[in-house]
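Below is one structure, written out as structure tokens; the observations come after it.
Numbers here are sequence positions counted from 1.
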Amino acid sequence: MLTSEQVAIINSSGDIKINAVAGSGKTTTLIEYARARPGQKILYLAFNRAVKLEAEKKFAGKGVSNVKIETAHSLAFSRVVRGTGYEVKSEGYKTQETVGILGLGGFSDRHTEYILATHINAFVAYFCNSDKTKVQELNYEDVVADATARLFAVNFKAEIVRQTRVFLDKMNKGEIPLIHDFYLKKFQLGRPVLPYDVILFDEGQDASAAMLDIFLSQKAVKVIVGDSHQQIYGWRHAVNSLEKVDYPSFDLSASFRLDQEIAQLARQAVSWKRHLEIPSTIRITGAGKRGRIRTRAVIARTNTGLLVKAIELLIHRKEIGSVYFEGRIENYTYAGDGASIYDVLNLYNDEKDRIRDRMIAGMKDMHELEEYIEQTGDAQLRMLVDVVKEYGKKIPGYIKQLKECHLDHDDKDKADMIFSTVHRCKGMEYDEVTLAGDFITEEKIRDMVGAEEEINVAKLSEEVNLLYVAVTRTKSILHVPGNIFPELVEKRGGAVKVDKPSKVAVRK
């Protein structure tokens with residue numbers, strides 16, 4: 001049975017935006033919206049391929065045939081890449097590859113070419129996700145959060161801009177394969193006209209400016225669906241499209257996934273934003289009911305936090321015997337530029353002859369690697385360093401045990417425990433969820449706001465969003481570390497359980 005909020009959306013006309021809390025049945029609402037318009041051609045823009053495949057099943061299962069489901073990238077690929085001579089580099093360019101392509105070198109300071117290449121790759125991503133037509137319209141240093149990395153970006157600004165333009169030109173001419181964000185950018189700059197009467201834009205809070213520009217330029221009736229408090233891709237230059245448009249606003253405030261106790265905890269987490277002087281309220285009602293526990297998951301803020309928790313549960317405490325990591329387990333042991341945890345470990349152990357990554361192999365020692373991380377602001381590489389410092393020579397054995405106990409995707413639901421970062425489980429749900437101890441806390445926000453140093457309000461707000469998304473993945477039981485919600489007292493029979501904080505402190 002549909003709620004009054006859902007009925008109002010289905011009966012609406014013209015452009016609208018929908019604020020949909022976690023588990024509020026937005027897909028069901030969009031299916032019924034489309035069913036009510038059988039004579040219209042409708043495009044549903046899904047956030048990623050997994051959501052696209054799931055939506056295709058749901059729309060087909062309800063017999064709705066007038067909806068074409070695409071991601072922004074699949075739409076762009078069909079218009080820009082397919083049938084042309086372009087090739088696509090699915091994993092993106094590693095730092096050392098960019099150094100080679102651009103012939104970077106000749107600097108007096110060690111590793112400058114690698115630091116420069118890291119910033120060039122980041123500027124390419126920033127431009128491709130923007131709505132600008134020229135690189136010169138953007139100030140790259142504005143989006144570099146780390147102070148040391150920003151100083152490098154300012155000092156080498158002219159070279160970063162020049163080489164970014166050269167790199168983009170090489171992709172445009174087909175001299176090197178395209179990254180996914182580049183062919184989406186090329187699609188946006190081509191001012192495409194999409195032949196649809198209605199366009200449904202899902203996860204609107206995490207749209208790139210390029211995607212939003214394509215969407216808003218269409219003549220079709222436009223429906224944006226999202227949740228401002230689930231915006232977690234700011235680091236990929238996402239913009240909250242719900243705040244960018246002045247469309248009539250509708251709500252989906254009843255969560256059919258959460259019970260009222262979990263909904264209240266989600267509200268409490270969002271309320272921490274009041275310390276940042278930004279909107280800190282959310283309309284969310286728990287309409288779900290607790291059921292049988294079939295799937296159990298651990299959700300962490302970082303790869304490091306997740307590996308620490310997996311090692312704790314599987315190896316140290318032996319509480320579980322089989323695991324499944326959302327995405328391949330290898331993704332949790334590599335940094336974005338291709339360096340592996342084993343490369344960092346070999347540097348840590350001074351066994352340089354065993355290092356495969358060229359950039360890591362060029363480091364004198366861990367101190368030099370950490371200086372490089374400061375210059376580039378490479379958070380993923382920093383996480384690998386943290387794990388190596390924590391476990392040292394035990395890491396290969398630990399990773400081997402995790403892999404031996406890892407089930408295939410088809411057997412995911414049979415795993416004793418599913419492990420995921422927040423970003424990888426976006427849109428998913430589990431019967432029982434345990435949060436790792438590496439999320440932001442209200443105390444830390446207060447301390448940072450109270451300090452005299454400048455704070456990044458958008459970044460801190462996104463940290464709160466990550467906790468909100470994690471809390472709202474559960475359908476029945478939620479285990480929370482006492483350090484995140486210290487005021488909670490375990491209630492017998494309640495949905496929220498308070499665990500003792502992990503002994504391992506994970507640096508963010």
If we only count heavy atoms from C-beta on, is the [X] to [Y] side-chain gap below 4.5 Å?
X	Y	answer
Asn172	Tyr86	yes
Leu435	Leu467	yes
Leu53	Lys57	no
Leu194	Leu75	yes
Arg191	Asp213	yes

Atom [atom1] of [X] with >12 non-hydrogen neighbours under 6.0 angstrom:
X	atom1	value
Glu87	CD	no
Arg110	CZ	yes
Arg165	CZ	no
Glu454	CD	no
Arg274	CZ	yes
Lys89	NZ	yes
Asp246	CG	no
Glu277	CD	no

>> Whether Lys185 engages the ring of Phe127 as a cation-pi pair (distance to the six-membered ring centre under 6.0 angstrom, angle to the ring normal within 45°) should be assessed.
In response: yes

>> Quick one about Thr304 and Asp386 (side-chain donor to acceptor, distance below 3.5 Å, no hydrogens or angles considered), yes or no?
In response: no

> Less than 6.0 Å separating the ring centroids of Tyr233 and His423?
Replying inline: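 Centroid distance Tyr233-His423: below 6.0 Å, so yes.
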
> Does the ring centre of His119 sit less than 6.0 Å away from the ring centre of Phe156?
Replying inline: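 Between Phe156 and His119, the centre distance exceeds or equals 6.0 Å.
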
[X]/[Y] ion pair, N-O < 4.0 Å:
X	Y	answer
Lys62	Glu32	no
Arg382	Glu370	no
Arg358	Glu97	no
Arg37	Asp197	no

>> Which label fits Phe325 and His406: parallel for a plane angle under 30°, tilted from 30 to 60°, or perpendicular past 60°?
In response: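 The rings of Phe325 and His406 lie parallel, inter-plane angle below 30°.
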
>> Parallel, tilted or perpendicular: which one describes the rings of Phe77 and Tyr183, with boundaries at 30° and 60°?
In response: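 Plane angle over 60°, so perpendicular.
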
>> With ring pair (Phe, Tyr, Trp, His ring centres under 6.0 Å) as the criterion, how do Phe182 and Tyr93 come out once you've worked through the C-alpha distance, each side chain's angles and the decisive distance to 0.1 Å?
In response: CA-CA 12 Å; Phe182 180 80; Tyr93 286 94; over 10 Å; no

